[in-house]
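These notes concern the structure reproduced below.
When a residue number appears, it is its place in the shown sequence, counting from 1. Basis for what follows: all heavy atoms, side chains included, without hydrogens, waters or symmetry-related copies. This structure is a prediction, so every number in the text was calculated from the model and none was measured. Counting convention: from 1, in listed order, for ligands and their atoms alike.
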Amino acid sequence: MAQKFQSTFFGGLDVDFEHDAQVGAMTNFAIGGRADVLVTPRSTDALSLLMRRCHNSGTPIHILGKGQNLLVDDIGVEGVVVKLEAPCFKSHTYKRIDQCDTMHAMAGADLATVLMDSARHGLEGLTSMAGIPATIGGAIRMNAGGKYGEISDRLQTVTCLTSNGDLVTYNAKELEFDYRKSSIPAPVVLSATFELEESDPVEVRKRVKEIFKWKKTRQPLAESSAGCAFKNPLNDSGERVSAGLLIDQSGLKGFTVGGASVSEHHANFIVTSPSATARHVIELMEEIQDRVLDATGIQLHNEVVVWSRDEAVSR
Ligand SMILES: Cc1cc2nc3c(=O)[nH]c(=O)nc-3n(C[C@H](O)[C@H](O)[C@H](O)COP(=O)(O)OP(=O)(O)OC[C@H]3O[C@@H](n4cnc5c(N)ncnc54)[C@H](O)[C@@H]3O)c2cc1C
């Protein structure tokens, strides 16, 4: 049941808000339901105050990045969804400190835009992120990466907001970044600094193109998906094995539930047709987990984040 917020909840807050907002449509899957309210703060202070009000009233709060690793259930998501799209959350700047090139980026900044701009400035450090669709905040939360590296490789500091709305800055060395996860204790990543290196702009751009080309030949980048559906699991020897290979070996390429299918191009991508619902994707993922477990004895775990009013479905 959608919760209606009293307009006093947002009184004195410098935010835009929309009740019963179609947030599923804002993900790359472009399917799924609504949030009780979508809030777009216009400043860090407004976001901080919003966090405090949500904390004090026990209202769940979710941060929406670029929606590239996210599935919103058809029954929607409870509470406040925050989108960091005001200009103050999208900027990035460069500084040279102690002969070291650093970049400060706000969490709502588009990773590809930041990457291409740093390449134009002849600054190397984020090229491994080529072809990964994300905001800076979403990429840090997920420790996005792949064959060429992870976003945490060049991370210096991460500034966050606690659930009570307080600002806290962590040195990246204090945090743990592992395969597609971070130990950041605060719910909101607000900004980050990265250490970059001066290089030849032509060479940096060439490397970005090479990595993007590599990704394009292996993944269905143009289709509706959330990237890899499952994390690559650990085998008995503690080595990561390809979830895509396990799904393929279980005979599931092309396997379909409603409008959701296992990609023929890359078996760890679930791609959707216009008739798909979020439940088709969820049922397909459960079916893949069961069949891979039966065929290989290995349990797959979600990489895709699922938001749902049903706690048993949220991941
Ligand atoms: C075609 C395609 C290819 C992809 N390839 C890769 C790949 O090679 N490697 C890889 O790692 N991923 C890949 N992905 C997945 C996706 O790009 C990453 O997970 C990315 O980090 C998601 O960022 P986002 O901003 O879209 O986050 P969202 O999908 O919006 O959110 C993901 C999670 O991060 C949280 N979050 C977002 N912003 C913040 C914030 N500011 N503070 C706190 N929490 C936040 C959300 O609440 C949610 O839990 C791919 C996806 C697609 C569609």
Side-chain angles (χ1 to χ4, degrees), residues 23-24 26-30 32 35 38 41 44 47 51 60-72 77 79-86 89-90 105-115 126 128-153 158-163 168 170 177-192 211-212 214-216 218-232 243-244 263 265-266 268-272 281 302-308 314-315:
V23 290
M26 295 175 179
T27 64
N28 197 46
F29 271 130
L38 174 70
T44 300
L47 175 57
M51 301 283 301
I61 190 159
H62 312 267
I63 312 298
L64 175 62
K66 204 174 173 174
Q68 302 291 311
N69 197 49
L70 195 62
L71 177 70
V72 180
V77 55
V80 168
V81 170
V82 173
K83 187 125 176 81
L84 301 178
E85 64 182 4
F89 296 114
K90 294 178 83 85
M106 295 302 291
D110 180 66
L111 178 61
T113 306
V114 170
L115 164 63
L126 289 176
S128 59
M129 295 292 109
I132 301 181
T135 57
I136 290 286
I140 292 173
R141 170 61 77 201
M142 300 301 301
N143 192 20
K147 177 178 154 72
Y148 296 94
E150 295 173 333
I151 191 137
S152 54
D153 294 345
V158 187
T159 297
C160 298
L161 282 175
T162 66
S163 45
V168 50
Y170 301 97
F177 289 92
D178 203 344
Y179 171 71
R180 302 299 87 82
K181 66 175 187 197
S182 59
S183 67
I184 299 169
V188 180
V189 174
L190 189 65
S191 66
I211 295 176
F212 188 69
W214 180 89
K215 249 182 99 72
K216 218 171 140 187
R218 281 160 181 81
Q219 299 179 351
L221 298 187
E223 293 194 60
S224 296
S225 78
C228 287
F230 301 101
K231 294 183 181 181
N232 291 332
S263 166
H265 195 151
H266 187 312
N268 199 12
F269 274 58
I270 290 177
V271 292
T272 54
V281 178
N302 276 26
E303 183 166 324
V304 173
V305 175
V306 183
W307 288 352
S308 175
S314 295
R315 296 275 181 283

query = Got an N/O contact under 3.5 Å between Q68 and ligand 1?
reply = yes
ask   = Any non-hydrogen atom of G108 lying under 4.0 Å from ligand 1?
value = no
inquiry  = N28 versus ligand 1: do any nitrogen or oxygen atoms come within less than 3.5 Å of each other?
reply    = no
task = Heavy atoms only: give me the nearest W214-K147 pair and the separation to one decimal.
result = CZ2-CD, 3.1 Å
message = As a check for students: among G137, S128, A139, A222, identify the option with a heavy atom nearest to atom 21 (O) of ligand 1.
response = A139
Main-chain N/O of A243 paired with N232 side-chain donor or acceptor, under 3.5 Å = yes
ask   = Which heavy atom of the protein is the closest neighbour of atom 28 (P) of ligand 1, given with residue, atom name and distance?
value = G67 N, 3.6 Å
key: Short N or O distance, G131 and ligand 1, threshold 3.5 Å exclusive   = no
Over all atoms of both residues, closest heavy-atom pair of K231 and R180 = NZ-O, 4.0 Å
key: Under 3.5 Å: N/O of K66 near N/O of ligand 1   = yes
query = With a 4.0 Å cut-off on heavy atoms, does K215 reach ligand 1?
reply = yes
ask   = Do any N or O atoms from the side chain of S182 and from the backbone of F177 form a donor-acceptor pair under 3.5 angstrom?
value = no
message = Minimum distance, heavy atoms only, to atom 3 (C) of ligand 1: which one of G145, P133, A192, A109 is it?
response = P133
query = A144 heavy atoms, cut-off 4.0 Å: which ligand 1 atoms fall inside?
reply = 11 (O), 21 (O)
note = Closest non-hydrogen atoms of V189 and G137, given as atom of the first, atom of the second and distance, are CG1-CA, 4.1 Å
remark   = ligand 1 to S225, heavy atom cutoff 4.0 Å, flagged ligand atoms 53 (C)
task = Under 4.0 Å from a heavy atom of W307: give me the atoms of ligand 1 that qualify, with their elements.
result = 47 (O)
inquiry  = For F89 and L47: C-alpha separation, side-chain torsions, deciding distance, then whether side-chain contact (heavy atoms from CB on, under 4.5 Å) applies.
reply    = CA-CA 11 Å; F89 296 114; L47 175 57; 4.2 Å; yes
key: Sub-4.0 Å atoms of ligand 1 with respect to non-hydrogen atoms of V305   = 49 (O)
query = Tell me: protein heavy atom nearest atom 14 (N) of ligand 1, and distance?
reply = G227 CA, 4.2 Å
request  = Give the residue and atom name of whichever protein heavy atom lies nearest to atom 25 (O) of ligand 1, and the separation in Å to one decimal.
outcome  = T135 OG1, 2.7 Å
query = Can you name the nearest heavy-atom pair linking F29 to I270, along with the distance?
reply = CE2-O, 3.5 Å
task = Output the list of atoms in ligand 1 that are nearer than 4.0 Å to some heavy atom of V188, sorted by atom number.
result = 42 (N), 43 (C)
ask   = Going through the distances and angles, do V23 and V77 end up as a side-chain contact (heavy atoms from CB on, under 4.5 Å)?
value = CA-CA 9 Å; V23 290; V77 55; 4.1 Å; yes
Nearest protein heavy atom with distance in Å, relative to atom 46 (C) of ligand 1 = I63 O, 3.1 Å
inquiry  = What I want to know is whether C228 and ligand 1 share at least one N or O pair that is separated by under 3.5 angstrom.
reply    = no
query = Is a side-chain N or O of N28 found less than 3.5 angstrom from the main chain of S225, in a donor-acceptor match?
reply = yes
task = Verify, without hydrogens or angle tests, whether K83 (side chain) and G65 (backbone) share a donor-acceptor contact under 3.5 angstrom.
result = yes
inquiry  = Treating T162 as the side-chain partner and A186 as the backbone partner, does any N or O pair qualify as donor plus acceptor under 3.5 Å?
reply    = no
request  = Ignoring hydrogens and angles, tell me if any N or O in the side chain of R141 forms a donor-acceptor pair with the backbone of I184 under 3.5 Å.
outcome  = yes
request  = Could you point out which residue of L111, L115, D110 forms a side-chain contact (heavy atoms from CB on, under 4.5 Å) with T113?
outcome  = D110
ask   = Which is it for A226 and ligand 1 at heavy atoms under 4.0 Å: side chain, backbone, both or neither?
value = backbone
key: Nearest-neighbour protein heavy atom for atom 34 (O) of ligand 1, which is reported as residue plus atom name and distance   = R141 CG, 3.5 Å
task = Indicate yes or no for a side-chain donor-acceptor contact from N69 to the backbone of E303 under 3.5 Å, with no hydrogens or angles considered.
result = yes
ask   = How does M142 reach ligand 1, by side chain, by backbone, by both or by neither, if only non-hydrogen atoms under 4.0 Å count?
value = side chain
request  = Could you tell me whether I132 and ligand 1 have an N or O pair separated by under 3.5 Å?
outcome  = no
query = Does A107 approach ligand 1 within less than 4.0 angstrom via side chain, backbone, both or neither, non-hydrogen atoms only?
reply = side chain
ask   = Which heavy atom in F212 sits nearest to a heavy atom in A130, and how many Å separate them?
value = N-CB, 4.2 Å
query = Is there a nitrogen or oxygen of N69 sitting under 3.5 Å from a nitrogen or oxygen of ligand 1?
reply = yes
query = Which atoms of ligand 1 are found less than 4.0 Å from any heavy atom of L70?
reply = 29 (O)
ask   = In a check of side-chain contact (heavy atoms from CB on, under 4.5 Å) between W307 and each of L71, T27, L64, which one passes?
value = L64
inquiry  = Starting from atom 42 (N) of ligand 1, what is the nearest protein heavy atom, named by residue and atom, and what distance separates them?
reply    = V189 N, 2.8 Å
remark   = re atom 1 (C) of ligand 1, the protein heavy-atom contact at minimum distance is L221 CD2, 3.8 Å
ask   = Is F89 touching ligand 1 with its side chain, its backbone, both, or neither, if touching means heavy atoms under 4.0 Å apart?
value = neither
Evaluation steps, side-chain contact (heavy atoms from CB on, under 4.5 Å), between V306 and V281 = CA-CA 10 Å; V306 183; V281 178; over 6 Å; no
ask   = Where is the tightest heavy-atom contact between V304 and L70, given as atom of each residue plus distance?
value = CG1-C, 4.3 Å
message = Using a 3.5 Å cut-off on N or O atoms only, is G138 in polar contact with ligand 1?
response = yes
message = Counting only heavy atoms closer than 4.0 Å, does ligand 1 sit against the backbone of R180, its side chain, both, or neither?
response = side chain
note = At under 4.0 Å between heavy atoms, what of P187 touches ligand 1? The answer is backbone
query = Has G146 got any heavy atom lying under 4.0 angstrom from an atom of ligand 1?
reply = no
inquiry  = Run R315 and V305 through side-chain contact (heavy atoms from CB on, under 4.5 Å) and show every step you take.
reply    = CA-CA 6 Å; R315 296 275 181 283; V305 175; over 6 Å; no
key: Closest approach of any protein heavy atom to atom 23 (O) of ligand 1, naming residue and atom   = A134 CB, 3.3 Å
